[in-house]
Amino acid sequence: MILKWILAGDRPYWWIHETSLYKDRFPPFLYQFPRTCETGPGMPSGHTKLNAAMLYILVSAFIDRVLSKMFFLSVRQRAWARRGLWASYCVWMTLVVLARTYMAAHFPHQCVAGGVLGLAIAVVVWRSTRLEALTRRQYLALSGTIIATVLGTFYLQMFMGHNVLWSLEKAVKWCVKQEYIHLDTTPLYSFCRYSGVSLGLGLALSSSMYKRANTPKFSKKMVASLLVLNLAVSQVGVLVHQSLPPTMMGWYPAEFTLHTTVTFLLVAALPHFVRTASGVPAAVDRYKRK
Ligand SMILES: O=P(O)(O)OC[C@H]1O[C@@H](O)[C@H](O)[C@@H](O)[C@@H]1O
């Protein structure tokens, strides 16, 4: 997000009306869709970054934790399954880039930059074992650093006289339908969401609930219950988000708190609840009893 502010990239749906390239002729007509009118700067693409990072982690985890343990498949079959998964990843990423460009939300180079960035972040996170094992104090310091860096960049730009809302103004000016403008696409909103998740994740991973829930092997019934509870809590999170009006006072802190809470529930509280309700002792408790 800091890169978005620093690089200040235009989006095609407003650039086409403002560039001097077409001052002597009509610009090409760019069709706008309900998701075209993103309000943040365009470089790099957040959607492509998110997809590249999230799917890299999911595919790597599936190969590592599931496919490599499917011993009923031959080594050759597992190798082909692995190639198939990575090929699907590439096809999906190509579709994301095409979609973002087609709906005039991005230029192709912005999507490529987002994809490369997302992949780089995911590779670092996937390979780093340290991130999973920080203490609560370190997680708090990490989240605090993220928050301070983003807010610092925001206020520094304001202090230096830059119009930090320039992209929102362009969206309002050039979007063909005002209902296509969603305030939850502003960089500040993304910041509240991601820093809330980061804090919730840190608090969860360093909690005794997570450590206890992480030790025993979950039965299929426990996994199914956890899945249902996770879906229910995520859905409640979406409903709460939709019921919070962006115009209300304290909308950003409210969204921050919502994302911290939902993440903590999904990662620590619900697995702990399912384990306790199923009567399965955590390895750490069994050890204490002996
Ligand atoms: O830069 P893009 O691809 O338009 O993406 C912006 C989006 O980036 C995502 O990372 C955020 O979660 C969204 O809130 C935001 O709308």
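All values reported here derive from a predicted model rather than from experimental measurement. All ligand and atom numbering here is 1-based and tracks the order in the structure. The basis for the numbers below is simple: all heavy atoms, side chains too, and nothing from hydrogens, waters or symmetry mates.
Ring-centre distance between W5 and W166: not below the 6.0 Å cut-off. Not less than 6.0 angstrom separates the ring centroid of F191 from the ring centroid of Y189. Ring to ring, Y89 and W86 are close: their centroids are under 6.0 angstrom apart.
Contacts between S45 and ligand 1, counted as non-hydrogen atom pairs separated by less than 4.0 Å, involve both the backbone and the side chain. Using a 4.0 Å cut-off between heavy atoms, R11 contacts ligand 1 through its side chain alone, with no backbone atom that close.
Close contacts between ligand 1 and Y194 involve ligand atoms 9 (C), 10 (O), 11 (C), 12 (O) [criterion: under 4.0 Å to a heavy atom]. Of all atoms in ligand 1, numbered sequentially from 1 with element shown, those under 4.0 Å from a heavy atom of D184 are 14 (O). The ligand atoms of ligand 1 that sit less than 4.0 angstrom from a heavy atom of R100 are 2 (P), 3 (O), 4 (O).
No side-chain donor-acceptor contact under 3.5 Å links Q32 and W174. Neither side chain, N163 nor Q157, offers a donor N or O lying under 3.5 Å from an acceptor on the other.
Of the candidates M43, E38, H106, the one placing a heavy atom closest to atom 2 (P) of ligand 1 is H106. The heavy atom nearest to atom 5 (O) of ligand 1, considering only K49, M103, H47, R193, is found in H47.
The distance criterion of under 3.5 Å between nitrogen or oxygen atoms is met by G46 with respect to ligand 1. Not a single N or O atom of Y189, backbone or side chain, sits closer than 3.5 Å to an N or O atom of ligand 1.
The two residues G237 and L258 come nearest to each other via the heavy atoms O-CD2, 3.7 Å.
Applying the salt bridge (Lys or Arg N to Asp or Glu O under 4.0 Å) definition to pairs two or more places apart or across chains, those involving residues 87-104 are E38-R100.
Ligand 1 lies within reach of S190, whose nearest heavy atom is under 4.0 Å from it. Contact between Q110 and ligand 1 is absent, with no heavy atom of the residue lying under 4.0 Å from the ligand.
Every disulfide (SG to SG under 2.5 Å) that C37 has, sequence neighbours left out, goes to C175.
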